[in-house]
Amino acid sequence: MFGPERQCHGATRAVFQATPQIETEFLFVPHPPADLTASQWEAVDHCDGPMLVLAGPGSGKTRVITRRIARLIERGVDRRQILAVTFTNKAAREMAERVAALVPGGDVWVSTFHRLAARLLRRYASAVGLKPHFTILDQGDQRSLIKQVIQELDFDAQHYSPARAEHWIGQAKSRLQTAAAVAENREFSASCTDAVFGRIYERYQQRLLAANAVDFDDLLLHLCMILAENPDIRSELDERFRYVLVDEYQDTNLAQYRIVTAISHDYPNLCATGDPDQSIYGWRGAELGNILRFEADFPNAKVVRLEQNYRSTKSILQAAANLIAQNRERRNKLLHTENAPGRPVAVLGFTDERSEARGIARMIGEIAGREQRPWSDFAVFYRVNALARELELALLECGIPYQVAMGAAFYERTEIKDLLAYLRLIVNPADDLACLRVLNAPPRGIGKTTRTRLANWAAAQATSLLEAAARAEHVPDLQPRAIAALRQFAATIDRLSQHAAAGVAVVLEEVLQQTGYAAKTGSEIENSASNSIISELLQAARAFDEQYPGDDALERFLETASLVSDADSIDERGGTVTLMTLHAAKGLEFPVVLIMAVEHGLLPHQRAVDSGEPREYEEERRLLFVGMTRAEHQLFLTQTLVRTLHGKRQTTIPSLFLREIGVEATQFEPPDLAAPPNDPAAPTPLDDFDDAPFDEFDDAAAPAAATRWKTAPRRQNPQPARPAAAFAPGDRPRLTTAAELLNGTRTPVEIPGSFRVGMSVRHPRLGVGQVIEAAGSGKWRTLKVQFAEGDPHTFIEHKCPLQPVGL
DNA sequence: TACCGGTAAATTTTT
DNA sequence: TTTACCGGTA
């Protein structure tokens with residue numbers, strides 16, 4: 001009688017009893033609105049009970065989530081009982097906006113995990129020994145505190161670097177190992193190293209607690225502990241958040257998983273959306289197992305698969321699907337699309353990183369001109385930030401505007417961090433890190449010696465640095481001048497505190513005035529730059545005051561500031577090409593995408609290869625998968641023959657991923673293409689290329705298509721193209737090469753190169769294999785090659801019929 | 001306290 | 001190659 005609505009039962013029955021008017025709605029058999037597919041509607045219309053939405057890239061996942069929220073409300077669910085959790089501020093903002101557009105009125109709690117945890121932790125702070133106005137340390141603060149701790153404990157900083165300790169502690173925390181637990185199990189530590197890091201962790205945690213501060217991981221860890229140890233709080237929140245939606249579930253770590261499950265126990269209406277194939281944060285503790293195990297965790301879970309892609313062309317999707325099919329640890333999905341076949345995925349080969357960068361810049365320029373695309377249609381992804389440099393130079397050279405999405409943004413600036421540290425100190429006088437930061441900024445004659453003596457005394461007295469400064473006259477061995485400076489500093493903070501409730505902007509202005517920070521010395525240019533940054537902060541403060549008036553404005557402003565990230569800074573409207581790491585690309589889409597340096601050692605990254613862990617190797621594959629599936633219309637992958645990295649020039653090894661995608665061979669550009677175009681009047685080869693129907697690039701049609709390049713200067717080459725064989729048969733994506741695209745010829749360029757260990761090679765009879773050993777030199781160099789089957793074969797290099805694969 | 005020079009290390013980084 | 005950091009000296 002009620003059709004699909006019969007699924008609404010169990011724990012949430014109370015909701016429906018309380019709102020009987022819903023019954024009337026059941027009389028209308030709900031059917032999918034025209035703008036939703038059947039499976040999308042299935043997910044949207046699901047009401048009670050756990051649900052897993054396995055959403056492939058570009059499958060309209062966000063839309064499904066927002067529509068489901070609207071649908072729940074439409075059915076009479078109290079909107080305050082809905083909680084939607086995302087990972088990024090940006091995603092949260094977007095989702096909130098879209099929900100607001102669908103069901104005006106607010107009150108649906110859309111938040112990131114960390115912000116949610118921060119909010120709840122303020123309320124229940126005392127349960128973990130914190131005071132409500134605790135400080136959230138960013139990574140920089142965290143790093144410097146760890147450094148201090150290592151120094152204090154007098155461990156060898158060579159072996160126990162702050163970076164490693166930070167990682168170790170982060171891992172421990174995301175696995176819910178508290179410092180106390182680590183201390184208890186110290187004798188069971190797997191290694192001496194673990195024992196040392198355990199000590200660091202303990203001490204670090206003590207210091208955090210003393211400063212009434214938490215780091216990012218603590219937000220989650222503390223909340224987890226609260227939920228685990230306080231059944232009343234847990235059930236209260238469970239009841240409060242009856243409908244929980246989690247986006248990007250594949251990236252949840254153990255702490256996040258526990259939080260989500262803890263508040264979905266009595267009301268198990270958890271809706272998890274995600275894609276195992278897009279899990280790229282394993283190194284930060286994300287547990288792929290969480291999503292793979294969902295049905296085991298929730299045996300009666302409904303599973304909806306969104307497999308139709310609305311974003312990419314068939315070629316792109318096919319190529320990506322080929323790649324990801326190689327992963328073992330996944331759930332098989334049938335990615336498909338109704339979109340046009342589109343242009344073949346192109347692999348562009350270049351001689352070195354410089355010609356690669358120029359080639360990319362030219363490619364972008366030509367496509368933009370020909371297709372009348374704005375620069376913002378283009379994105380270039382790379383595995384490591386270092387790869388952006390050469391590209392930036394090339395883009396500058398071509399006059400193409402770009403933006404790099406990368407770390408060290410606004411809130412990382414010294415001025416901003418200093419000013420925020422003052423605010424932190426006002427809110428939380430125990431915040432020793434903030435105190436340390438501004439004690440001598442601007443300089444007021446409090447040097448290193450003074451600081452050490454102050455810190456020692458404060459530690460002995462078990463008091464905060466600020467408090468110690470206020471009572472500086474008791475600190476032994478201090479110069480009278482230092483005492484005066486310290487007392488004055490403390491008095492200044494004290495005076496500033498009186499303005500605390502007057503709004504963020506007012507406090508900030510007072511800080512600037514009273515500390516003399518504004519008048520800080522510096523060169524003319526530096527000053528103007530720094531001034532504009534400061535005024536930007538002031539502006540943000542004013543905007544914040546308007547939006548959130550109230551006594552706790554300062555505190556909330558700080559929370560916002562510390563939870564903001566660089567990804568938030570990407571300006572979508574700015575008409576520029578976007579450069580970013582593959583990690584940063586998740587969740588975005590661009591009409592034209594170029595992925596640089598698809599080479600062994602970079603993608604997959606050397607560290608993943610060295611680890612020998614299939615898990616890590618598969619994550620690299622997912623990373624490329626994520627990058628590829630960002631592309632709507634056109635996708636290019638590039639590789640070079642030699643690449644200079646860390647100042648070392650090395651012959652590259654082609655990425656095995658290329659072969660998995662279906663690239664049999666890349667033809668490399670002739671060397672002269674490396675030079676920037678010097679005759680702008682010359683017809684661009686792409687003019688022609690673009691008019692060609694895509695079908696002409698089919699295997700069989702390839703030689704015929706070659707005749708189309710009449711406007712491009714034909715290269716005399718006795719050797720006919722090594723043509724059709726270069727293109728994969730059947731369901732393989734169709735691939736084009738750099739030479740074809742940029743030069744308009746299909747004449748392959750023979751690249752002499754010696755085989756190296758690790759390279760993939762093709763033998764006419766034995767198929768594809770990998771060089772596992774090379775010996776001798778010159779004429780007598782021999783290669784040992786392992787093929788898919790049988791024992792390795794040994795060849796004499798200069799006589800053997802081996803072809804490099806991917807070269 | 002501030003600067004210079006030598007050395008070592010150099011993924012990814014939602015918060 | 002570039003960068004960050006340490007330790008020495010002015």
Side-chain angles (χ1 to χ4, degrees), chain A residues 85-93 111-118 136-140 142-144 147 151 157-158 161-164 166-167 170 173-174 214-221 247-248 250-253 255-256 278-286 353 381-390 405-409 411-412 440 443-451 559-570 580-588 597 601-611 616 619-620 622-624 626-627 643-650:
Chain A
V85 194
T86 64
F87 277 82
T88 66
N89 291 310
K90 193 167 163 243
R93 208 181 313 121
S111 169
T112 64
F113 268 107
H114 289 82
R115 197 173 289 271
L116 171 76
I136 302 170
L137 298 187
D138 65 24
Q139 207 179 2
Q142 188 188 357
R143 176 77 56 100
S144 58
K147 217 149 125 195
Q151 250 162 38
Q158 274 290 290
S161 71
R164 282 186 63 195
E166 191 186 312
H167 185 250
K173 284 184 176 178
S174 65
V214 299
D215 62 27
F216 288 141
D217 297 317
D218 278 341
L219 288 171
L220 304 174
L221 180 62
D247 196 14
E248 309 278 20
Q250 77 279 359
D251 283 330
T252 51
N253 63 24
Q256 288 157 334
Q278 293 185 63
S279 166
I280 55 175
Y281 283 103
W283 50 277
R284 286 189 110 231
E353 69 278 351
F381 305 148
Y382 34 79
R383 179 66 232 267
V384 297
N385 281 309
L387 292 170
R389 177 170 304 271
E390 199 65 48
M406 207 189 36
Y411 287 97
E412 295 288 310
N440 202 34
R444 39 174 85 85
I446 301 173
K448 200 176 170 184
T449 328
T450 308
R451 250 177 309 181
E559 184 179 304
T560 304
S562 51
L563 293 181
V564 94
S565 83
D566 314 318
D568 294 318
S569 69
I570 300 168
M580 61 171 88
T581 62
L582 283 160
H583 281 93
K586 198 175 76 171
L588 305 175
L602 277 166
L603 192 61
H605 193 275
Q606 194 60 46
R607 304 260 296 229
V609 177
D610 290 345
S611 77
E616 293 200 24
E619 182 150 308
E620 298 289 314
R622 289 194 293 268
L623 200 48
L624 180 54
V626 167
R643 184 177 297 280
T644 309
L645 209 59
H646 306 327
K648 279 209 175 62
R649 196 172 171 79
Q650 282 196 314

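Each chain gets a letter, A, B and so on, in the order the sequences are listed, and its residues count up from 1.
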S.K.: Counting side-chain heavy atoms from C-beta on, which of dT14(B), dT1(B), dT11(B) comes nearest to R451(A)?
M.R.: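 So the side chain of R451(A) is nearest to dT1(B).
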S.K.: At under 4.0 Å between heavy atoms, what does I446(A) touch on the DNA or RNA strands: base, sugar-phosphate, or nothing?
M.R.: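 Contact class for I446(A): sugar-phosphate only.
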S.K.: With a 4.0 Å limit, can you tell me whether T644(A) has a side-chain N or O closer than that to the phosphate oxygens OP1/OP2 of dT1(C)?
M.R.: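 Indeed not, no polar side-chain atom of T644(A) lies that close.
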S.K.: Does N385(A) make a side-chain N or O approach to OP1 or OP2 of dT13(B) shorter than 4.0 Å?
M.R.: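 So the side-chain polar atoms of N385(A) do come within 4.0 Å of the phosphate oxygens OP1 or OP2 of dT13(B), strictly under.
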S.K.: Does dA9(B) have H646(A) stacked on its base, where the ring centres are within less than 5.5 Å and the planes differ by under 30°?
M.R.: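 No, the aromatic ring of H646(A) does not stack with the base.
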S.K.: Ion pair present between R383(A) and E620(A), side-chain N to carboxylate O less than 4.0 angstrom?
M.R.: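 E620(A) and R383(A): salt-bridged.
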S.K.: Look at all strands and tell whether D251(A) reaches a base, only sugar-phosphate, or nothing, counting heavy atoms closer than 4.0 Å.
M.R.: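 Counting heavy atoms under 4.0 Å across all strands, the contact made by D251(A) includes a base.
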S.K.: State whether the side chain of R649(A) and the backbone N or O of T644(A) hold a donor-acceptor pair below 3.5 Å, judged by distance alone.
M.R.: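 Absent.
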S.K.: Please enumerate all residues that pass side-chain contact (heavy atoms from CB on, under 4.5 Å) together with A386(A), with sequence neighbours excluded.
M.R.: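 A386(A): side-chain contact (heavy atoms from CB on, under 4.5 Å) contacts with V384(A).
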S.K.: Regarding F113(A), tell me which of base, sugar-phosphate or nothing describes its non-hydrogen contacts under 4.0 Å with the strands shown.
M.R.: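 No contact.
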S.K.: Using whole Å, what does the distance between atom C1' of nucleotide dT12(B) and atom CG of D610(A) come to?
M.R.: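 So the CG-C1' distance, D610(A) to dT12(B), works out to 16 Å.
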S.K.: Could you tell me whether E620(A) contacts a base, only the sugar-phosphate backbone, or nothing, with contacts defined as non-hydrogen atoms closer than 4.0 Å?
M.R.: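 Base, at least one base atom sits under 4.0 Å.
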S.K.: Can a side chain N or O of R389(A) be found less than 4.0 Å away from OP1 or OP2 on dA10(B)?
M.R.: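 No.
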S.K.: Closest-nucleotide mapping onto DNA chain B: is A386(A) or N440(A) further toward the 5' terminus? I mean the 5' end.
M.R.: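 The residue mapped nearer the 5' terminus is N440(A).
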S.K.: Under the criterion of centre distance below 5.5 Å and interplanar angle below 30°, is W283(A) classified as stacked on the base of dT12(B)?
M.R.: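 Ring-base stacking flag set for W283(A) and dT12(B).
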S.K.: Specify the separation, in whole Å, of atom CZ of R284(A) and atom C1' of dT14(B).
M.R.: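 Going from CZ in R284(A) over to C1' in dT14(B) covers 7 Å.
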S.K.: Which residues pass the ring-ring contact (aromatic ring centres under 6.0 Å, His included) test with Y281(A), not counting sequence neighbours?
M.R.: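 Here the qualifying residues are W283(A), H583(A).
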S.K.: Does the side-chain ring of H583(A) sit on the six-membered ring of the dT12(B) base, less than 5.5 Å centre to centre and under 30° in tilt?
M.R.: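 Not stacked: fails the 5.5 Å / 30° test.
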S.K.: Can any side-chain N or O of D215(A) pair as donor or acceptor with the backbone N or O of D218(A) at less than 3.5 Å?
M.R.: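 A pair under 3.5 Å: yes.
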S.K.: Please state how far atom CZ in R143(A) lies from atom C1' in dA4(C), giving the value in whole angstrom units.
M.R.: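 My rounded result for the distance is 11 Å.
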S.K.: Taking the P atom in each of dA4(C) and dT13(B), what is the distance between them to the nearest angstrom?
M.R.: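 Rounded to whole Å, the distance is 16 Å.
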